[in-house]
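One structure is given below, encoded as structure tokens.
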Amino acid sequence: MTETNQPSTPLAARTPEEIADFLTAQRTAYEQLKEAGLKLDLTRGKPAPAQLDLSDRLLSLPADPITASGVDTRNYGGLEGITELREMFADLLWVEPEQVVAGGNSSLVMMREVLVDLWLKGAVDGERPWSQEEKVTFICPVPGYDRHFTLLEWFGIGMVTVPMHEDGPDVEAVARLAAEDPSIKGIWIVPTYANPSGSIVSQEVAERLASMPTAAPDFKIFWDNAYAFHHLTEDEAKSADVLSLASAAGHPHRPIMFASTSKITYAGAGVAFLAASTENVKWYTSHLGKGAIGPDKLNQLRHLEFFGTPQGVRNHMGRHREIIAPKFAAVDEALTARLDGLEVATWTRPTGGYFVSLDVLDGTASRVVELAREAGIALTPAGSSFPHGEDPRDRNIRLAPTFPSLQDVSTAMDGVATCVLVAAAESLLG
Ligand code: PMP
């Protein structure tokens, strides 16, 4: 640690000489950091080994491969997943069981499949396949999840950004864009503890998204509820019931919800879910059935037995919280200790999810990431929370503190703070 939490004058308010002295001190700290020979990785939101261990009872389940309704999970069939697990997650996601498909291990795969189906076949409420449209554009709240953006880019789908606020996307901007441009076919929303901002879509914003008039009749909301149950505090966010809201507003086919147990049980061997209108579910499974005879029902049954009840999922998430909440606290502690009062950075204090979003001085995020890399601290590349990897202000950095040990998180964040200070002082000195 190089500097403690003293009352500080904002860096930009200091004289050039004072900033130069400050830079010299931070460079000394940075050289010490490099000499420490760290090898730390805060790039991706992965569960820590201790979190994966929580689910190891899965490895000896199921006790019996036949479900309560008599399905032999070892055999082919059951494209929409086993009934009992669909019921369990319908309860957790506040939807009806027939609106839920339990699939394979990845919700991102399901999102890609839905986009492929829209592209090749068109939506249930659309006039033609999206591939036959002159232009297709998505609204992208930023900062957002990099894999959403790379997937859209891969399709050649245009991206128009709107700011992400604490209560969700800038809904005025979204409503205006969707109303006036028929090429705008959708929006990707992470409604609960968004990646990376930690934002929670409010009931009002959800209502507006579900009910707003759109120029495209087949406008879709990809409601990616990857962190629906991933609370970090007692203050447990409850996601808006977007399917009912859209249905009540006369747009039942607009939202398609996704979720998974990737960060509940095993990131590589969980179960993913899609929930939508029953017409959308039929549409999805009819396309799915062209290339699949059924999902891994044995893994679904294993999950069902492991959780027991919907409350079993919530209890299990409490055990995750015990492991990861201290890591989020460590991020905040290190950043506060080193940066508070200097006005060179702001960061989120999420109440759930997997990320902290750090905004540094405009034009310095790439430099911070480069300095950190040279000191052995791997951060997600600057710009990755924006379409095409381009942050127009070069200021946002996504921090993922779940995977490293608590000690490593503290060490890494103290190092990141040094990099933020070096880059800020360099920038202010021109
Ligand atoms: N959506 C979001 C917002 C995510 O952050 C992630 C994981 N980083 C995923 C989806 C991936 O989900 P899955 O493991 O179910 O494919």
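What you see is a predicted model; the values in this text were computed from it and never measured. We count ligands from 1, going down the list as the structure has it; atoms in each ligand are counted the same way.
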Can you tell me which residue pairs pass the ring pair (Phe, Tyr, Trp, His ring centres under 6.0 Å) test with a partner in residues 150-171, sequence neighbours excluded?
->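 Listed by first then second residue: Trp119-Phe155.
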Contacts table for ligand 1: protein N or O within a distance under 3.5 Å of ligand N or O, distances only.
residue: ligand 1; atom: 1 (N); partner: Asp224; partner atom: OD1; Å: 3.4
residue: ligand 1; atom: 1 (N); partner: Asp224; partner atom: OD2; Å: 2.5
residue: ligand 1; atom: 5 (O); partner: Asn195; partner atom: ND2; Å: 3.0
residue: ligand 1; atom: 5 (O); partner: Tyr227; partner atom: OH; Å: 2.5
residue: ligand 1; atom: 8 (N); partner: Tyr145; partner atom: OH; Å: 3.3
residue: ligand 1; atom: 8 (N); partner: Lys263; partner atom: NZ; Å: 3.0
residue: ligand 1; atom: 12 (O); partner: Ser107; partner atom: OG; Å: 3.2
residue: ligand 1; atom: 14 (O); partner: Ser262; partner atom: OG; Å: 2.6
residue: ligand 1; atom: 15 (O); partner: Ser107; partner atom: N; Å: 2.8
residue: ligand 1; atom: 15 (O); partner: Ser107; partner atom: OG; Å: 2.6
residue: ligand 1; atom: 15 (O); partner: Ser260; partner atom: OG; Å: 2.7
residue: ligand 1; atom: 15 (O); partner: Ser262; partner atom: OG; Å: 3.3
residue: ligand 1; atom: 16 (O); partner: Ser106; partner atom: OG; Å: 2.7
residue: ligand 1; atom: 16 (O); partner: Ser107; partner atom: N; Å: 3.2
residue: ligand 1; atom: 16 (O); partner: Leu108; partner atom: N; Å: 3.0

Do NZ/NE/NH1/NH2 and the carboxylate oxygens of Arg208 and Glu172 come within less than 4.0 Å?
->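 The answer is yes: the pair qualifies as a salt bridge.
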Count the heavy atoms belonging to other residues, nucleotides or ligands that lie under 6.0 Å from CD of Glu180, then report whether that count exceeds 12.
->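 Counting neighbours around CD of Glu180, more than 12 heavy atoms of other residues, nucleotides or ligands fall under 6.0 Å, so yes.
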Please check if atom CZ in Arg112 has more than 12 non-hydrogen atoms from other residues, nucleotides or ligands closer than 6.0 Å.
-> no
Classify the ring geometry between Phe138 and Trp188 as parallel (under 30°), tilted (30 to 60°) or perpendicular (over 60°).
->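 Ring orientation of Phe138 relative to Trp188: tilted.
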Does the gap between the ring centers of Phe229 and His316 come in under 6.0 Å?
->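 No.
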